[in-house]
Structures are given as structure tokens and as C-alpha cells.
Amino acid sequence: MSSSTGTGFLGRSSSSNSNMRGLVQFIADLRNARARELEEKRINKELANIRQKFKDGSLSGYHKKKYVCKLLYIYILGWNVDFGHLEAVNLISATKYSEKQIGYLAMTLFLHEKHELLHLVVNSIRKDLMDHNELFNCLALHAIANVGGKEMGEALSPEVHRLLISPTSKAFVKKKAALTLLRLYRKNPDIVQAQWAERIISIMDDTDLGVALSVTSLVMALAQDNTEQYKGAYVKAAARLKRILIDGEFSQDYLYYKVPCPWIQVKLLRLLQYFPPSEDSHVRSMIRESLQKILNLAVESQKNVQQNNAQNAVLFEAINLIIHLDTEHDLMKQVSQRLGRFIQSRETNVRYLGLEAMTHLAARTDTLEPIKQHQDVIIGSLKDRDISVRRKGLDLLYSMCDTSNAQQIVAELLHYLQNADFAIREEMVLKIAILTEKYATDVQWYVDISLRLIAMAGDHVSDEVWQRVTQIVTNNEELQVYAAQNILQYCKQDHCHETLVKIGAYILGEFGHLIAEERGSSPIEQFLALQGKLPACSSSTRAMILSCFIKFINLFPEIKPQLVNVFHVYSHALDAELQQRACEFLAIASLPTDDLLRTVCDEMPPFPERESALLSRLHQKHANTSDKRTWIVGGKDANADNAELSLAKKASLRRTFSTKTGPANGGAAPAAGATNGSSSANDLAGLDMNNIGPAEAKVIKAPNLASAAHLSPGWEKGFNRLLLRADGILFEDGQIQVGVRAEYRGQMAAIILYFTNKTPAVIGSFTTTLDLDPSERANLSWDVKSMPETTIYQGAQTQQVVVFEAKRVFEKAPTVRISYLAGALQALTLKLPVVIHKFMDQAELSADDFFKRWKQIGGAPREAQRIFGLSGPKDGEREITESFIRQVLEGFRWGLLYNVDPNSKNFVGASVVHTSEGGKFGCLMRLEPNYGTQMVRLTIRATDETVPPVLLKMMEERLSQGVSIRPERYEPPTASDISESFRNIMVR
């Protein structure tokens, strides 16, 4: 009795406690409701008061600001304050900073980029952008970055750009302007104009590292989409990296735990990966020196966590750059050794970054042997406690797989698949399927692995996987019997995944007759295996099984009654698709003859060869990243395949439908309803959806300002003078003087360009860019041996050394683009006096040898001849004289031969043109002047037919100018004497 009483007491006690908690909760709800009611009354009262104040229109700026602040607070609490939006917009026009600040703050909270009131503030924002008050500039930039949409960006982006490039803008304004422009570009790429590229790149040399960092972030985004347009950023990034790491050009404010400005280092290293490796030895040397410095600094792990993190961030980005360059073999060797230690580190972040870098290495390296040494460690990473490390381990195993280790890696992945996280199972299935197909050397191994994979991870197998299996089996006769035998065994099991049933329905319907005579594979056993799966399958799988059964009627007439009975049952199904199929199949099976049945159920033809849909599905997993991938997960073959690279880069913009050639349609019958929500795909089965993407906007190609089409006014004078001389002044104006010294030896030429600052101020961001017509790039190459200084002080001089190599005969001279900051951006495009006749050496021949070779060469096409006179108006100011002709011929490096021509007034010459790939070409020249008529007949013959037209054209252009009757005064070049080190530059 006492026990039962006690139990009842405890029961009542528990019940009373529950009631008490309910009562307490009820009282709390009442209090909350009362509080909300009181809050609403208070807010409504305050809103009515504020509305009345604004209606009166007699508020001072201070009171407007105060009431807008109240509205902001009420808005943050979640109440509607629409009537205050216009008041906040009006507050932006205030003259006081505190009032304007609240106005901008309210605008960024109240309005969005499509708000109807936003167009009212555009003029106010533009006025603040043009104001001389930097604080007003910053408020306007903040507002544009927060709520600026396409329309606001198009209206105000020129003003934002002006603030960025203005020499009078403060550093903090430039930083905000760069980041605002970046935000606008991400929303609408058309906002950044093509002609801004050169000016934006020049700011990467800004003395303030904060400005340089912000502009580098902007250039990174722009360069991803416009590599050719922003190629000038490559040299800037390499030079800036060297100045930070080697020269120590940074302030102590940017020293983060003994690591100099790691943020800009990481960005510069990443920016260099967006471009192909430079061919200039000087640029490569700068990058190599910087990378070696980074590797040396990271030899020892630091105890300080912050320092270690900063150092690792720079180190791993440097490793990615070394792998991207793929030319620095010493650095690559160091990287391979270090990555082996990183993937075994105790720190999760280091293991993750090490696996990612090693995946990048596998995508670039020619041999996978250094990576295979760590295969056991990499396989062990699949069991790491961190899922991100497991995912990176999976990527690395996928990338390092080849024919030698494919079976081992696939076996390990299948073993791990059983316990893998659901988050990565579908990706694992795709990669296993791709590796199995790519590296299968045994057809039976391919079938075994594919079916085992689907059996183990059926729920995570996308349609692309099983459809690809059926396509490969259909297209390979040696697979068909083995595949049919194996899939039948799976279908006989009590627990068979529905995806395997789909494969069974297709393969047995097509190739079941090939195994019908074998034990355990009779027609009735095939029928029973599939019939047993009908009740538990989805409608689409049932439809495929019905399509298989109509083929069975054609192949196995002995089991026709059982098959017809199934059609009778499903002719009354509620599903319209199944009912239609069953009725149509029943009608075909009931025809008196089998002619239509044989036609409809004819064997499916092989599928057309096409790109695997598995790759498209896999690359969608890596799409939608904010940063451009310079490589894709996969081996070197995948990264060398332009089709797969393009697929990976556009994965987020396309959707691959595999139903075009997929087996879901069952050959004879209408397709079953699509699965996984792709019901509309069947309506598009006749279209190649792999090549369909969003409509691309028309891209306007930016002009190449360094090309000969954009030569600066006044370039001809210095160029024509230096055609006949080895040194002199190429160009000079009130700000800069450009001098040239040159030395030619055979097919090699060393050119030194001298740049002198003539302004009373410092020239900054000095940049030179060499260019050559695309048609001539195979004929003339160059290597930059030294770069000019980016800063030239008043009266100072800097120089650039370039070595040219004539590979074949070329016609067009290279050009140089010179840009610098002298207040505003100044730019020149000049043609360099590097022409084919500079690579000629004088030859000495006797009269007999000359005429003998002249006859051997013969006429056209190895001869070019022209009669010409003075070009331009005959004003009597210019003439052709004997001394002028002699000067031109000697300047063109002809070896003049005397007492050879019967007419002593004629000029005869011989020379040899040197090229590295074409070889040496002998050249002969005869010039017949008529001083009375001021006409000249010039004939050139050479052992190669490409030489005479080029030389003839250049000599005609120079001779037809004549010489002034009043000669110009010659001014010697002011460039410093050539140093002894110059001669060491020449490539012998």
C-alpha cells in the first residue's frame, strides 16, 4: 500500500510540476504580449510625432538628423518607416558632415539598388564625389558600394575612376575608390571601360601599400576576364614583389608578425598565376629571386600562431606559382620535398593546403613519381577527422591516378565509399566512374567495378553514371555478354537498387538473348528477375521494364503469355504513362504478324561518340567560385585538354542533359518520365544541350596601344635618323628624352634604351611595353635583360636593355609603349629602329665574283627592281645627290664595291643577312642614279626570295626622301657612353 501510495504521490507531483511550468509560460507570454502592445503604442506615438515634425517643415538640420536617427532605430526594430525615406534622402544634401553622414547611413539601410527613390540621390552623390572635401568623397563611395546597381554604376563610375587616378586624391580616398570600382565591376562588368586599363595598372606602383593592395584586388578581378588587356600588370606584380621581399620597400606599419605585408604578397602571387609565364629572362629572374626568398624564410615553423599563419599563406601561394610556372626545376624539386612533409603535418590547415598544392602539382607535372611516393599517406587522408581534408585527399587521388595505380586507387575509394560522408558520396561516385572508364585495361574489370559502385552507392548515383555504363556496353561488343550475365545476377537478388534495375532492363532487353542458352539465364529467369522488381520501383523504372518486356516478346516467343499478362495488368494502371505503354505494347503483341514487332524492337544502334557527361557533372561541383581557377582537378592530360578546361570554366553557366543519347528511352518505346526532377529534359532529347549556354554579350576588344597603329606624333624623325646610325635620340619632348644605343653581331642585337626625365618633378610608375605585329612574332624574338626604374627623379636617367634575335627575314619593326605619371598619365608609342638591314654584314667581292653570283641568282622571284624619284611635293627643297646615296647605302650596311660596274656613277654593293633559323643569305645590289631627272633605278638580288622585296621597300622609302638643300644641324646624342657590361650581354 505504501509503495503504491508513494508512486501515486510521485505521479501527482510530476503532473503538478508540469502544470506549474505551463502556468509560468502562460504568464510570460501575457507579459510579452503586453510589452509588444506597449511598444507598438509607444512607436506609433513616436512615428506620429516625427511625421508631424517633418510636415511642419521648420526643422533645423540638427533636428532632422535627430529624427532620422530615431527612424533608423525604429527601422532596425522591424517597423515600417516608409514616410521617412524621402527625409533621409534630403539629408544627403546637407552641408555639415554629421548630417550628411546620417543621411548616407539611412539611405544605405532604407534603400536597395532597385528602389524608386534611388535615382533622386544620383546628382547629390555625384556632387559629393566632385567635392574637394575627402570625407564627403568617402561617404559617397560607401553609398555607391553598398547600394549602387547597374544604373547608378553607369552614371557614377567615371567619377569613381577619376578619384582613383587623380594625383590630388588622398591615399584613403584612392583605396575606397578602387574597392568601390571592384564592387561595381562584380555587379556589372561593362562599367569598367577598356581605355582605363593602362591607368589602373600604373597605380600598382603607388608608394602607399594600402593603395597598391586595393588596386591589386581590382586588377585581379579585371585580369581574370581580360588577360590580354591587363597583361601589363604581370611585370608590375613581379617588380613590386621583388621590392617588398628583396629590397625591403615597406613601412613598419605593414610588418605583420615579422612577415612583410602578407596580404599584398598573396594577391601578387595569385595575380601572376593568371598569365602565362613570361619569356623575358629579367622578369623570370625577379620572380625566381622572390620565390626563393619566400622558400628560405619558411624553412622553420614558427611558434607564434599568427606569424605561422601569415607565413604559410604566402608560402602556399608561392608554391602554387612555382607549379604554375613549371620551368623552375630547382624550385620544383624543393616544392616536392616540402609538400611531402606538409601532408603529414599535425596541423589540419597545413595538411589541407599541402594536399591542395600537391593536387595542383599533379595537374602540371610531367611525371607523377614524386607524388606516388606518398600514396599511402594520401590514401590515409581519406580517414582524416576533418571533412575538408578528406575531400582534398579525394581530389589528389583522382588527379594522381594513371594506368599503373588505377586499380589500387579505385579499390581504396570503393572501400572508403561504404563509410564516406554523405556530403561527398556523389562526388566520389563520379570520380570512381570516370577513373574506371578512363583507365580500364580489362573489360571485365570495368563492368565489375561499375556495377559494384552502383550497388554500393545507388542513392548517390546520378543518371549520368548509369547511362554512361549502358552507352559503353552498347558500343563494345566484347562487354555485352559479360555485362548481361552480371546484371542478371544483381537483379535476382532480393535487395537490388533501383538504378541497377534500370541497367538490367536496358541491357537484358538488348543483349539478354546472348545469354539465354546459359545455365541460370533462361528467358523465363530473366523475366522473373525483372518482374519481381516491378512493384517496388518508380514509374520511370517500370516504364523501362515494360519496354524491355516488349523486346522479350520479339526475342523469346516462348514466354509471350506471361509477358502479355503483365501488359494486361498495367493497361489499367493509374499512371497515364504506364497505361499508355502497356496498351500500345499489348496492341503490338496482339497483331497477327510480327513484322511491326520486329521493326519496332530492332536492336539499338551504337551511340555516337561524344564527350562523357560525367566530366560536366563533376566540374559543376567546383563551379561558382569567386576566383578564377587557373587549373582543374585532374591530371596533366585533363589540364592539357582544351575541351575539358572550357567545360570546367563554364560549368556554372551550362547544364548537361544526358537524355540525348541516354538509354532511358528504352529504344523502341516512348521515354519514361524522367527522374530527379528532370522531367522536361525528354522534351529536348533531340537537341545538343551540351553546347547551349546563356547568350554571351558582345565583347568589345580593347585596342593594343603598344602596336604600330597607335604611334605617337613625331616618331618618324628619330626613327628615320636611326635607320642609318647605331645610336642617337629616338624621341624628345618637353618631358622626356628617349635615346638608343645598339650593337649588332650576326643575327643578334643588343639595344639599350635611355630614358631621361626633363621635367622639374619626379616621374612615377614608369613602364615600357614591347610589341610586334602578330605576323612577325615567329620571325623576330626578344629578351628583356633589364627593366627601367619605375621612378625617375628630376634630371635623372634610367635604361632598359633588350636583346633581339632575327630568326627569319622580317619586314615590320617592333614598337615600344612608354607610359608614366607626371601629374596625369602620359604615354608614347614609338617604333624601334630594329630592321632587317641592321642584321647585315658588308661583303667584299671582285668584279668577276660579283657578276658570276649576280647571274647565278638570276631574276624573279629572287630579284626586286623599282624606278622611283623624290616623294612628296617637288618644292625644290630636297634633292638626290651622290653623297646622300652613299650615306644611305653605308647606313644600310652595304659593302660598296668600286670599279665593278662599267658606269662609274652607278653603285654596286654586297652583303650577308644573318638569321638564326633561316640561315645566311647573300645579297647583291645595283643602284643607277640619274641626277638630272632626280630618278633612281634600284635592283636587289638575294639567295632567298623573301629578302629583296623587304630591302627594296625600305631603301626606296629612305632614298625617296632626298636630302635637304639646307642641311639640318646634327646634334650628337646625350646618352651616357656604353659600359663594358654591355658587351657581356651580347649572345654569341
Any side-chain heavy atom of [X] within less than 4.5 Å of one from [Y]?
| X | Y | result |
| --- | --- | --- |
| L430 | V465 | yes |
| C496 | V501 | yes |
| Q407 | V410 | no |
| L291 | L325 | yes |
| Y352 | D386 | no |
| W263 | L213 | yes |

Once you round to the nearest 0.5 Å, how far does [atom1] of [X] lie from [atom2] of [Y]?
| X | Y | atom1 | atom2 | value |
| --- | --- | --- | --- | --- |
| Q224 | Y274 | CD | OH | 4.0 Å |
| K392 | L397 | NZ | CG | 13.0 Å |
| Q489 | L451 | CD | CG | 11.5 Å |
| L435 | L413 | CG | CG | 7.0 Å |
| L315 | L297 | CG | CG | 10.0 Å |
| E317 | H324 | CD | NE2 | 11.5 Å |

message: Quick test of your reading of the model: are E464 and R468 salt-bridged, counting only N-O distances below 4.0 Å?
response: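 Between R468 and E464 there is no salt bridge, as every charged N stays at least 4.0 Å from the carboxylate O atoms.
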
message: Between R284 and E279, does any side-chain N to carboxylate O distance fall below 4.0 Å?
response: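 No, R284 and E279 are not salt-bridged.
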
Compile the donor-acceptor pairs under 3.5 Å between side chains in residues 245-256 and protein atoms, sequence neighbours left out, one pair per line.
from: E249; atom 1: OE1; to: R243; atom 2: NE; distance (Å): 3.2
from: Y254; atom 1: OH; to: G210; atom 2: N; distance (Å): 3.1

Distance-only side-chain donor-acceptor flag, [X] / [Y], under 3.5 Å:
| X | Y | value |
| --- | --- | --- |
| K174 | S214 | no |
| T767 | K236 | yes |
| D448 | Q444 | no |
| K231 | T769 | no |
| N308 | Y257 | no |

query: Which class fits the ring pair F316 and F342: parallel under 30°, tilted 30 to 60°, perpendicular over 60°?
result: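 It falls in the tilted class, 30° to 60°.
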
task: State which residues pass side-chain contact (heavy atoms from CB on, under 4.5 Å) with R385; sequence neighbours excluded, sorted by chain then number.
output: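 R385 satisfies side-chain contact (heavy atoms from CB on, under 4.5 Å) with T348, R351 once adjacent residues are dropped.
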
- request: For side chain to side chain donor-acceptor pair (under 3.5 Å), just list the numbers for D395 and T359, CA-CA rounded to whole Å, side-chain angles, deciding distance to a tenth of an Å, and then say yes or no.
  value: CA-CA 7 Å; D395 287 344; T359 306; 5.9 Å; no

Tell me, yes or no, whether the heavy-atom count around [X] atom [atom1], taken from other residues, nucleotides or ligands under 6.0 Å, exceeds 12.
| X | atom1 | value |
| --- | --- | --- |
| K383 | NZ | no |
| Q306 | CD | yes |
| D421 | CG | yes |
| K293 | NZ | no |

query: Passes side chain to side chain donor-acceptor pair (under 3.5 Å), K267 versus S217? Steps please.
result: CA-CA 7 Å; K267 288 184 179 293; S217 301; 3.3 Å; yes

Sole residue of H497, K502, Q471 in side-chain contact (heavy atoms from CB on, under 4.5 Å) with W466: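 When H497, K502, Q471 are each tested with W466, the side-chain contact (heavy atoms from CB on, under 4.5 Å) holds only for K502.
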
message: I'd like to know whether E427 forms a salt bridge (Lys or Arg N to Asp or Glu O under 4.0 Å) with K431, so could you lay out the CA-CA distance, the side-chain angles of the two residues, the decisive distance to 0.1 Å, and finally the verdict.
response: CA-CA 6 Å; E427 186 176 347; K431 289 181 175 177; 2.9 Å; yes

message: Before you tell me yes or no, could you show the steps for K372 and S404 under side chain to side chain contact (heavy atoms under 4.5 Å, CB included), namely the whole-Å CA-CA distance, both residues' side-chain angles and the distance that decides it to 0.1 Å?
response: CA-CA 10 Å; K372 289 180 181 178; S404 65; 2.7 Å; yes

- prompt: How close do M332 and I323 get, heavy atom to heavy atom, and via which atoms?
  reply: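 Minimum heavy-atom contact is SD-CA, 3.9 Å.
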
Closest contact, heavy atoms only, M204 versus T216: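 What the structure gives for the nearest pair is CE-OG1, 4.2 Å.
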
- prompt: Quick one: does S450's side chain have a donor or acceptor within less than 3.5 Å of a partner on V447's backbone?
  reply: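 No, because the side chain of S450 does not come within donor-acceptor range (under 3.5 Å) of the backbone of V447.
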
